[in-house]
Amino acid sequence: MRLIFLGPPGVGKGTQAKLLSQRYGVTHISTGDVLRSEMARGTPLGSKAAEYIRKGLLVPDALVVEVVVRAMNGAPKGFFLDGFPRTLEQARALDGYLQTSGIQVEGVVHLRLGLDEIVRRLTARRNCAGCGELYNTLTKPPRSAGRCDGCGGTLSQREDDTEAVVRKRLVVYEDLTRPLVTHYKSAGGSLFYEEVDGSLPVEGVTQKLVEVLERCCVPKPTFSRPPAL
Ligand code: AMP
């Protein structure tokens, strides 16, 4: 199964792509996670990416495309792309990769959410420095303030989740990423395009997405006629 998760930052693409990739046994490819891990390891790519991420800007297409191609090559059972493509240039690079490698993306799921709710959600987001578990001070607070329920690690806010940077990220989304909605809506062919309401609770969104995937991707069992007696 190969899908693109489209939608603004904070809509829940990462949460859903992670849950569903476990359910369907495919690789979750999050460009944001890969870039943050490069930053944490202090690699040349990480240092370059950090300059953009901290300001709420997009990392240059060439750098991101290279990362994603490497990840897709290492995902023979399929992948869910989370946070990629984010520009028309990246979408074209993806099309080129798929064409030359002879594989197909089955569809695009677009998670939708209003701008005010995105700012509210993102500025309340915290993550554990120890195990990476995600919290939200409004919707999923830890039992003890600032501490991870699981490993006791310290919870912190991503540098790009402050209100000023979130607002910048949303402007970038509107300018550069939203045009992909029209691009994929009108792509036609065998590629499906489905929208899901991202304002539902996590389990509600998962359920809607499972319905979409069961309807659009997962092969239905075929029943062969029993032999005539
Ligand atoms: P995310 O975790 O998906 O919200 O991504 C966090 C940040 O990583 C973004 O604000 C960008 O700076 C960078 N980033 C992630 N994916 C991409 C991409 N496909 N193209 C360019 N920059 C990206």
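Order of listing sets the numbers, starting from 1, for every ligand and every atom in it. Bear in mind that the values here come from a model prediction, so they are computed numbers and not experimental data.
Heavy-atom proximity to Gly83, at under 4.0 Å, picks out these atoms of ligand 1: 16 (N), 17 (C), 18 (C), 19 (N). The ligand atoms of ligand 1 that sit less than 4.0 angstrom from a heavy atom of Gln90 are 18 (C), 19 (N), 20 (N), 21 (C). With ligand atoms numbered from 1 in the order given, ligand 1 contributes 15 (C), 16 (N), 17 (C), 19 (N) to contacts under 4.0 Å with heavy atoms of Thr31. Annotation for ligand 1: atoms under 4.0 Å from non-hydrogen atoms of Arg169 are 4 (O), 10 (O).
Nearest protein heavy-atom contact of atom 14 (N) of ligand 1 is Leu35 CD1, 3.6 Å. For atom 5 (O) of ligand 1, the nearest non-hydrogen atom of the protein is Arg86 NH2, 3.5 Å. Residue, atom and distance of the protein heavy atom nearest to atom 11 (C) of ligand 1 are Leu57 O, 3.5 Å. Counting only heavy atoms of the protein, atom 22 (N) of ligand 1 lies nearest to Val59 N, 3.0 Å.
Taking a cutoff of 4.0 Å between a charged side-chain nitrogen and a carboxylate oxygen, Glu117 and Arg121 qualify as a salt bridge. The existence of a salt bridge linking Arg41 and Glu38 is confirmed by a sub-4.0 Å separation between a basic side-chain nitrogen and an acidic carboxylate oxygen. A salt bridge is absent between Arg2 and Glu106; no separation between the charged side-chain nitrogens and carboxylate oxygens falls under 4.0 Å.
Taking all atoms of both residues into account, the shortest heavy-atom contact from Arg169 to Asp160 is NH1-O, 2.7 Å.
For the atom pair CE of Met72 and OG1 of Thr27, the computed distance is 11.5 Å after rounding to the nearest 0.5 Å. Taking CD1 of Ile29 as the reference point, atom CD1 of Ile4 lies at 11.0 Å (rounded to 0.5 Å).
Of the heavy atoms in Arg158, only side-chain atoms (C-beta onward) come closer than 4.0 Å to ligand 1. Counting heavy atoms under 4.0 Å from ligand 1, residue Asp33 does not touch it at all.
Annotation: cation-pi pair Arg126/Tyr135 absent, no NZ/CZ under 6.0 Å from the ring centroid and within 45° of its normal.
Residues Leu3 and Phe79 fail the side-chain proximity criterion, which asks for heavy atoms closer than 4.5 Å.
Residue Lys13 places every heavy atom at 4.0 Å or more from ligand 1.
The shortest N or O to N or O distance between Asp160 and ligand 1 is not below 3.5 Å.
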